Structure formats: C-alpha cells, structure tokens
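Below: one structure, written as structure tokens.
None of these values were measured; they are calculated from a predicted model.
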Amino acid sequence: MRCPACRETIREGDAACVACGFTLAALDPHLGIPPQLTPPVADMAGVLSFGAKRALAEAVRRAEQHFPDIHGVVITAEVPANFTPELYAFWLFNRTGLFSAVEKGGDNHGVLLLFDTQSTRTAAMIGYGLEPLVPMLALETALTATAPYLMKQNFGGAGTALGFFASLLPR
C-alpha cells in the first residue's frame, strides 16, 4: 500500500508511515464522526440523478458478479477543505464500516471509488488483498480516464466509463 499522505510504500500492520509519520487516527479529530454510507452508491454530494445512481449500481453489481470476492462502492462527496481526495477516501474506506469486520488486512477485497465534486478529481482505495493484483499504474491510468467526464460534472458517466474496476483486474 502507499501512504495516502506522502505516497511512499507502507506495509500492512505498520502503525504509521515510516516516511512521514501519517496515521489514520490523525484524521479523526479533523473529520469528525464518519458518515453512514450505503453501498453500492453513496451520493453524499447529491449530484447523481436516479438513472446515474442506477447505472453505477449496475456497474458495481456486474463487476461483483465477475469477481465474486470483491465488494465495491462509489461515493460522491465534497472533500473537506485542506484534505486531498486520497486522504478522504482512505478515511472513508477505513472508518465508515463499508466493509465487514471480517475483511481485514489481506482478506480485504474492497474497492472504494470517490468522486470529489469540488475539485472534480477521482480517488480510489483498494483493500490489501487486492494490492498484489492491481498494478498502481493501471489504477492511475483508469482514474485519469475519468477526467473528461469530471470536467463536465458528469459523475455517473465517469463511474460507468471506468467500468468501475473490472478493467483493472486480471481476467
């Protein structure tokens, strides 16, 4: 995994990033109580039409059928000031209970896709169990492909164009 603050490699089980000292607990006082989110689509920003929500939920469902061990969620949110989408996605991934308590460490096959409606940027978090299967370059390339949709504030199109995450994983 890469530290969401400095992007240096960190190992599962490390209490803090050895490069910058970042910890998940350091975010808690600034972000407060985690929101209650419902998978597969949590439109915290209220920017998705009913049809866009349905299309995104269907994209997640298809991906989960193709890869049964994976659990996905798409979130739209206004990332709080002074936070990057990557930091906020990391906090949401780890604090909202979207993934069961059984899905810890290498057993976590969760995928969280966050659309920041303020900066029109996308961030993704993947569970430790997927990291050996998903090359970082493939993830970054896929997220970059959402840019034309995000520039038009078409968050639903960005999610479905990404094909959620199916294009990232080996077949």
Side-chain angles (χ1 to χ4, degrees), residues 1-2 4 12 31 33-79 84-171:
M1 164 179 186
R2 295 204 180 272
E12 179 182 349
L31 294 172
I33 298 171
Q36 294 284 353
L37 303 177
T38 305
V41 179
D43 186 18
M44 293 172 56
V47 297
L48 297 174
S49 67
F50 177 77
K53 275 182 169 175
R54 188 173 52 199
L56 283 170
E58 178 60 21
V60 173
R61 187 190 65 72
R62 280 192 314 269
E64 289 177 342
Q65 282 181 327
H66 192 74
F67 303 101
D69 290 342
I70 292 175
H71 305 287
V73 64
V74 177
I75 300 171
T76 67
E78 292 182 13
V79 173
T84 65
E86 292 78 14
L87 282 172
Y88 195 55
F90 180 77
W91 184 76
L92 291 171
F93 188 97
N94 288 286
R95 291 294 194 236
T96 58
L98 287 167
F99 307 102
S100 78
V102 179
E103 297 175 300
K104 296 290 182 195
D107 292 329
N108 188 313
H109 298 120
V111 177
L112 183 146
L113 180 63
L114 171 69
F115 293 122
D116 178 8
T117 58
Q118 288 292 96
S119 71
T120 60
R121 288 184 49 210
T122 307
M125 289 300 307
I126 59 174
Y128 281 117
L130 293 177
E131 286 184 1
L133 304 173
V134 180
M136 288 308 295
L137 182 58
L139 183 59
E140 290 169 10
T141 300
L143 294 178
T144 300
T146 65
Y149 295 93
L150 297 177
M151 297 310 271
K152 296 177 185 173
Q153 302 282 309
N154 182 354
F155 302 102
T160 54
L162 181 61
F164 193 62
F165 53 83
S167 63
L168 304 175
L169 299 171
R171 302 213 187 284

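Expressed to the nearest 0.5 Å, how far CG of D43 lies from CG of L56 amounts to 9.0 Å. Of the inter-residue distances, the one linking L143 atom CG with L114 atom CG reads 10.0 Å to the nearest 0.5 angstrom. With rounding to the nearest 0.5 angstrom, the OG1 atom of T76 is 10.5 Å from the CG atom of L113. Summarising the geometry, atom CG belonging to L92 is positioned 10.5 Å from atom CE belonging to M125; distances are rounded to the nearest 0.5 Å. The distance from atom CG of L112 to atom CZ of F90, rounded to the nearest 0.5 Å, is 12.0 Å.
Screening residues 86-99 for salt bridge (Lys or Arg N to Asp or Glu O under 4.0 Å) gives D28-R95, E86-R121 as the qualifying pairs, with residues at least two apart or on separate chains.
Side chain of D116 to backbone of P85: no donor-acceptor contact under 3.5 angstrom is found.
Using a 4.5 Å heavy-atom cutoff, the side chains of Y88 and P4 are not in contact. A heavy-atom distance below 4.5 Å is not found between the side chains of N154 and P148. No side-chain heavy atom of V79 sits under 4.5 Å from any side-chain heavy atom of T84. A 4.5 Å side-chain heavy-atom check between L98 and I75 finds at least one atom pair inside the cut-off. The shortest distance between side-chain heavy atoms of L37 and M44 falls below 4.5 Å.
Evaluation of the side chain to side chain contact (heavy atoms under 4.5 Å, CB included) rule for A57 yields P40, V41 as partners, not counting sequence neighbours. When the ring pair (Phe, Tyr, Trp, His ring centres under 6.0 Å) test is applied to F155, no partner is found at least two apart in sequence or on another chain.
Heavy-atom contacts from other residues, nucleotides or ligands closer than 6.0 Å to CD of Q36 number 12 or fewer.
The minimum heavy-atom distance between V73 and P39, with the atom names listed, is CG2-CA, 3.9 Å. Taking every heavy atom of both residues into account, V60 and G72 meet most closely at CG1-O, 3.7 Å. When all heavy atoms of G157 and Y149 are compared, the pair lying nearest together is C-CD2, 3.7 Å. Considering all non-hydrogen atoms of both residues, A89 and A123 come closest at CB-CB, 4.1 Å.
Salt-bridge formation is not detected for the pair E64/R61: no Lys NZ or Arg NE/NH1/NH2 atom is positioned less than 4.0 Å from an Asp or Glu carboxylate oxygen. Using a 4.0 Å cut-off between a side-chain N of Lys or Arg and a carboxylate O of Asp or Glu, R62 and E58 qualify as a salt bridge.
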